[in-house]
Amino acid sequence: MNTETKSTTKQERLESFIKISRSLTDTKKLGKNGELDVYHLTIIKSLANNFQGIAYTGINHIMKFIGMSTEQSATKARTKKSLLRLQEMGHIEIYEDRKVESMVNDLKPANNYFIKPTGKDEEWGFSKVFYKDIQKIIAMKSDYKPKIYATYLNVISYMFYDNTGTDKNVPISFVSIDTIVKDTGINRKSVVEYLKALFEEDILYFIHFHINNSTTKNYCTRWIHKEHTAEWAIPFAEHHYKIKKSKFKGGGIGVSEE
C-alpha cells in the first residue's frame, strides 16, 4: 500500500466516531419506525460524547437539533415513542436526575433528561459512524434523513477496519442495492435515490464496474478515501468475478442503479 493510501487511513484514525451495534443495521427487523430509532440513538450517542457518557436532551431538543419543527404534536409523539422504544430495547436508559438514579418511563416534550447509551450488543460487532458523516447527514435538506441514515448505516456496516494499525484491510463496501432493500425495508427506487444523495453530499464515494453484459457492481468508501476507491475495488472485482480488469466492459464514478 503506497504512502498516499496510508495517509488517508491514518487521517481517518484521527477522526472521532461512535459505535452502532451491527444488530441495528437491519432496521426492518426493528419495526415500522426502525430507521427513526437508530437515527435517534446515533444523535443521543453523539451528544453523550463527554466525561459522563450521558446526553442531556429530550424530545424538543432532539427535534430542534436535527432540524425538525416542534410545532406538530404528531411528530413529537413519534419522537417520544421512539425514545421510549430505545429504552425498552435496552439501548438507552432515561433518567430525570444527574446522578442517574431515578429512571423515567414517560417523557414530557418540553423537558430534558439525562439519557445514557448502554452500548448493548456492541461486543458482538459494531459499525464505526464518524462524526463528520453524522454532521453532513443532519445538515442535508431532506425530509427523509432517518431513511437516508439507515441506508448509510447499512453500507458502512460492510466496511471492515483493521485495528492492528497495519492497514491490512481497506475500508471498502460492496454491498448490493438489493441487500440494502432487504435489510432496511426501503423500496429500491428510494435506496438508489438515497445512495446518490450520500454521494452528492460528499459523504460516501461510489464507483461502479460493468463486469460483463449482465453484471454491474458498485463499490463504496467514505469520502476521505475517494482517491483510492477504484484502486481498492479492482482486486475485489477481479477476485469475485474471476476476470481481469482489462476485460471489464466499462465502469464509472457514481452509483449504478443496476
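Source: prediction; values computed, not measured. FYI, side chains are in, hydrogens and waters are out, and symmetry mates aren't considered; it's all heavy atoms of this structure.
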Taking [X] first and then [Y], would you say they form a salt bridge - that is, a charged N and a carboxylate O separated by under 4.0 Å?
X    : Y    : answer
K196 : E257 : yes
K108 : E96  : no
K147 : E35  : yes
D202 : K226 : no
K29  : D26  : yes

With rounding to the nearest 0.5 angstrom, report the [atom1] to [atom2] distance, [X] to [Y].
X    : Y    : atom1 : atom2 : result
K120 : I92  : NZ    : CD1   : 12.0 Å
S73  : K80  : OG    : NZ    : 12.0 Å
E122 : R22  : CD    : CZ    : 11.5 Å
H225 : E231 : NE2   : CD    : 11.5 Å
S21  : W124 : OG    : CH2   : 11.0 Å
T221 : E227 : OG1   : CD    : 9.5 Å

Between [X] and [Y], what is the shortest heavy-atom contact and its length?
X    : Y    : value
T184 : V191 : OG1-CG2, 4.4 Å
P109 : K76  : CB-CD, 4.1 Å
H208 : S256 : CG-CB, 3.7 Å
L41  : H91  : CD1-O, 4.0 Å
L47  : F65  : CD2-CE1, 3.8 Å
L24  : L153 : O-CD2, 4.1 Å

Are more than 12 heavy atoms, taken from residues, nucleotides or ligands other than [X], located less than 6.0 Å from that residue's [atom1] atom?
X    : atom1 : result
K28  : NZ    : no
F130 : CZ    : yes
E71  : CD    : no
K132 : NZ    : no

Walk me through it: do Y39 and I66 pass the test side chain to side chain contact (heavy atoms under 4.5 Å, CB included)?
CA-CA 10 Å; Y39 188 51; I66 60 180; 3.9 Å; yes

Apart from V100 itself, which Ile, Leu, Val, Met, Phe, Trp or Tyr residues share its cluster (side-chain heavy atoms under 4.5 Å, direct or through members)?
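Listed partners: I54, Y56, Y95, M103, F114.
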
Aromatic centroids of Y219 and W232 separated by under 6.0 Å:
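Distance test on ring centres: not under 6.0 Å, no.
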
Can you confirm whether or not the ring centre of F236 sits under 6.0 Å from the ring centre of F174?
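Ring-ring flag for F236/F174: true, centres closer than 6.0 Å.
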
Is a side-chain donor or acceptor of [X] paired with a backbone partner of [Y] at a separation under 3.5 angstrom?
X    : Y    : answer
K249 : I211 : no
S157 : N154 : yes
S190 : I186 : no
D121 : S23  : no

Derivation of the side chain to side chain contact (heavy atoms under 4.5 Å, CB included) call for C220 and T229
CA-CA 7 Å; C220 170; T229 311; over 6 Å; no

Any side-chain heavy atom of [X] sitting closer than 4.5 Å to one from [Y]?
X    : Y    : value
I148 : M140 : yes
F126 : I20  : no
H228 : V170 : no
Q11  : S7   : yes
H40  : I62  : yes
E15  : E12  : yes
D133 : Y152 : yes

Side chain to side chain contact (heavy atoms under 4.5 Å, CB included) between I156 and V129, intermediate numbers included:
CA-CA 8 Å; I156 66 162; V129 179; 3.8 Å; yes

Pair S176, T179: side-chain N/O donor-acceptor within cut-off below 3.5 Å
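Yes - a donor-acceptor pair under 3.5 Å links their side chains.
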
Do we see a donor-acceptor contact under 3.5 Å between the side chains of Y149 and T42?
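Yes.
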
Answer yes if L36 and L86 sit in the same cluster of Ile, Leu, Val, Met, Phe, Trp and Tyr residues linked by side chain heavy atoms under 4.5 Å apart, and no otherwise.
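Not linked; separate clusters.
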
Same cluster for F206 and I224 if Ile/Leu/Val/Met/Phe/Trp/Tyr side chains link at under 4.5 Å?
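In one cluster with F206: I224, no.
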
Output, in order, the C-alpha distance, side-chain angles, deciding distance and verdict of side chain to side chain donor-acceptor pair (under 3.5 Å) for S82 and D37.
CA-CA 5 Å; S82 177; D37 296 347; 2.6 Å; yes

For residues 174-185, pull every pair meeting salt bridge (charged side-chain N to carboxylate O under 4.0 Å, His left out), keeping only residues two or more places apart or in separate chains.
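Every pair satisfying salt bridge (charged side-chain N to carboxylate O under 4.0 Å, His left out) with a residue in residues 174-185: D178-R188.
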
Ring-face cation of K217 near F209 (centre distance under 6.0 Å, axis angle within 45°):
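Not flagged: K217 not positioned over aromatic ring of F209.
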
Do R222's NZ or CZ and the ring of Y205 fall within the cation-pi criteria of under 6.0 Å and 45°?
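Ring-cation test returns no.
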
Please report the C-alpha distance between L83 and L107 in whole Å, then the side-chain angles of each, then the deciding distance to 0.1 Å, and finally whether the side chain to side chain contact (heavy atoms under 4.5 Å, CB included) criterion is met.
CA-CA 9 Å; L83 296 180; L107 305 174; 3.9 Å; yes

